[in-house]
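Below is one structure; the comments refer to it alone.
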Number of protein chains: 2
Amino acid sequence: MKKSKKFVTIRDVAKAAGVSINTVSRALNNRPDINPQTKAKVLKVAKELGYIKDATALSLRYGLSRVVGVILEDSSNPFFSEVLKGIEVKAKENGFNVILMNTEKDYGLEEEAIRTMLSRRVDGIIISPTQEKTEDMKLLLESGTPFVVLGVHFNEENIPEVYSNDFQGAYAAVRHLLENGRRRIIYLSAYLYKSVAQMRLAGYKKALEDFGIPFDEKLVYEVEEGIEQSYQKVLEIVNSSKDFDAVFCFNDISAIGTVWALKESGRKVPDQISVVGYDDILFARFIEPPLTTVRIDKQQEGELAFELLLKIIKGEKLEKKKIVLDVNLIVRQSS
Amino acid sequence: MKKSKKFVTIRDVAKAAGVSINTVSRALNNRPDINPQTKAKVLKVAKELGYIKDATALSLRYGLSRVVGVILEDSSNPFFSEVLKGIEVKAKENGFNVILMNTEKDYGLEEEAIRTMLSRRVDGIIISPTQEKTEDMKLLLESGTPFVVLGVHFNEENIPEVYSNDFQGAYAAVRHLLENGRRRIIYLSAYLYKSVAQMRLAGYKKALEDFGIPFDEKLVYEVEEGIEQSYQKVLEIVNSSKDFDAVFCFNDISAIGTVWALKESGRKVPDQISVVGYDDILFARFIEPPLTTVRIDKQQEGELAFELLLKIIKGEKLEKKKIVLDVNLIVRQSS
DNA sequence: TTGTATGCGTTATCAT
DNA sequence: ATGATAACGCATACAA
């Protein structure tokens, strides 16, 4: 593999224009100390030759790349794809580019992604950690490279984070189910080593407590995320003739699998079983029945993450290191 | 904005290990001409100091960045988010990273994105052009930077492309509708300056022709892509009391809007009106009624695009410059 | 086996 | 107003 084509450099422009390379640099960068005519000529030549500034050279020169690294579980997941969109929008707005890496929820890939980003000398990193293990976060911390954790809450003061209020969301969702007379509410959870799953569990418990309903751990199921996995688990639950009248799902993807399984088992949603999702992905309202869910402004979450990161990169004083997004319960027809 | 922290360089390692910088380089790059003990020591020191190779310096040095630029209309669109996933997977597999830029279907942003990618000295570009204007493609072509066009077909021999067989897909979809007795089939199209929209129109016409049904241009509507836009347009069509018994939609997003509008107008799908989508996005089967659609293997499309690009980057001989993916009609309950 | 010097493209410092 | 030169981090040709 060798370079396909030589790019035009300031040296080429200098030669063609009959000036020195830093006269070219001056012209290109709108410096005041240059004769307007010289400048005009240089600019003309540069254009003719098709000169395009080499950003890799600038990165080396300044130790700044104007690139941010984005490390996500899976950019094709409708939740993350909207978050990513928000990041990309704000990055572009501020003259930054985005390098994307997916971890596929694999700790090894996550660590590799961090190393790659550091090697690329990105100016900052936005990461949504898998949380299966967290040693790699120390690597990040020690690297000195600015970073923001997205969608996850660590119990360490000095880690900048943007995440949504999952306690509030879960509380609202479960309270809503209770107010509608549901009493045996399953929590179909993601793996509980995830802070998000834990916070939602806490909200779930608090709502039960406020209604004087004892918490039954037998109603909490840990499932790997995915439509298929939720579908299988719910089928299993139904076949075990467990008594339940509602399912609070970890996210909308999971809720879709849940509704699918319930329908297939002949259970009416919401007549017999209520289902509530989480995230309010674009398609939540279009499934049948339209999904009651907890809305997170995903694009905003991405935008806030970038803006927080940018402040850190600029070395600005932060009012808050932890930004918590409010969420809203959206009641549709599945509950 | 200034560099937040100095990274450890080979010079630092050299000093700490008491050797010269290129002894360090030799150790780090597994060169044979180095004393194993020296090597071990250098490696140890490098690890202790937390040395991480500077990829920007390598880019400059070799004129190769091992980065590919990906330019899409909108990475949060479920079609593109899966394509992107495929690209990212193959890129990682081959030691490349991905810089992502969205164009929001804006020609200005598209051109800017190309310039940015060239400036970043990416080794190659995968682009899904808006096609509103195409001058920027010339810029790309002249730049000499390897690139692959994704999802779009130009009538120029020497442009490498990966796209799906839209003629075949549209033909299958419309033929299916005809076989089920539909005769007044609306084609809810994207803007017809897009090659995809044109190819699907051609497939639509051919199917009609094969059934001896005259083409009626009044049944073709150009709509901006989006659930809301399709919803509005279909409401409009219904209210104009146009006579039709099926809608062949440009994509699933559009089909979702169509079904929504039809339901809201009291039309039964598929009893009164059949609806067929395109793409088979993840959620197509979960809407009500489950959507009949033309399946594109989106992730594969992304993977093929990267693989084709990689061949071009490597300067390999190409068997084919144009790769056309087969598609399948998936019959569900909306038709 | 190890070290020295050069260049990749750019900007900044310091002349002139 | 303009030009020569060093420096960013690295790998390599060449010298020792």
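Chain letters run A, B, ... following the sequence lines, proteins first and then strands; every chain starts at 1.
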> Would you call A/Glu307 and A/Lys311 a salt bridge, using N to O less than 4.0 angstrom?
Replying inline: no
>> Does D/dT12 have OP1 or OP2 under 4.0 Å away from a side-chain N or O of B/Arg31?
In response: yes
> Is a salt bridge present between A/Lys138 and A/Glu156, judged by a nitrogen-to-oxygen distance below 4.0 Å?
Replying inline: no
> Whole-Å distance between D/dC10 C1' and B/Leu64 CG?
Replying inline: 14 Å
> Between B/Tyr51 (OH) and D/dA11 (C1'), how many Å, whole number?
Replying inline: 10 Å
> Heavy atoms under 4.0 Å, any strand shown: does B/Ser25 hit a base, just sugar-phosphate, or nothing?
Replying inline: base
> Nearest-Å distance, CG (A/Leu60) to C1' (C/dC8)?
Replying inline: 9 Å
> Between A/Leu28 (CG) and C/dT11 (P), how many Å, whole number?
Replying inline: 7 Å
> Quick one: is C/dG3 close enough that its OP1 or OP2 comes under 4.0 Å of any side-chain N or O from B/Thr23?
Replying inline: yes
> If each of A/Ile10 and A/Arg26 is mapped to the nucleotide of DNA chain C with the nearest heavy atom, which maps nearer the 5' terminus, i.e. the 5' end?
Replying inline: A/Ile10
> Does A/Lys53 make a side-chain N or O approach to OP1 or OP2 of C/dT11 shorter than 4.0 Å?
Replying inline: yes
> How long is the line joining CG of B/Leu58 and P of C/dG7, in whole Å?
Replying inline: 19 Å
> With sequence neighbours excluded, what pairs up with B/Asn35 under the side-chain hydrogen bond (donor to acceptor under 3.5 Å, both in side chains) test?
Replying inline: none
>> Any base atoms under 4.0 Å from A/Ile34, or only sugar-phosphate, or nothing? Heavy atoms, all strands.
In response: sugar-phosphate
> Between A/Glu301 and A/Lys298, does at least one N-O distance fall below 4.0 Å, as a salt bridge requires?
Replying inline: no
> Within the pair A/Tyr62 and D/dA7, is there a side-chain N or O less than 4.0 Å away from OP1 or OP2?
Replying inline: no
>> Does a side-chain N or O of A/Ser20 approach OP1 or OP2 of D/dT2 to a distance below 4.0 Å, or not?
In response: no
>> I need the CZ-P distance between B/Arg120 and C/dC8, as an integer number of Å.
In response: 22 Å
> Within this structure, what is the NZ-to-P distance between B/Lys41 and C/dT2, rounded to whole angstrom?
Replying inline: 11 Å
> Does the distance from a Lys or Arg side-chain N to an Asp or Glu carboxylate O, for A/Glu104 and B/Lys85, drop under 4.0 Å?
Replying inline: yes
> Contact class for A/Thr38 vs. all strands (heavy atom < 4.0 Å): base, sugar-phosphate, or nothing?
Replying inline: sugar-phosphate
> Between the base of C/dG9 and the side chain of B/Arg61, is there a donor-acceptor distance below 3.5 Å?
Replying inline: no
> Rounded to whole angstroms, how far apart are CZ on A/Arg66 and P on C/dT10?
Replying inline: 18 Å
> Which part of the nucleic acid does B/Asp33 contact within heavy-atom distance under 4.0 Å: base, sugar-phosphate only, or nothing?
Replying inline: base
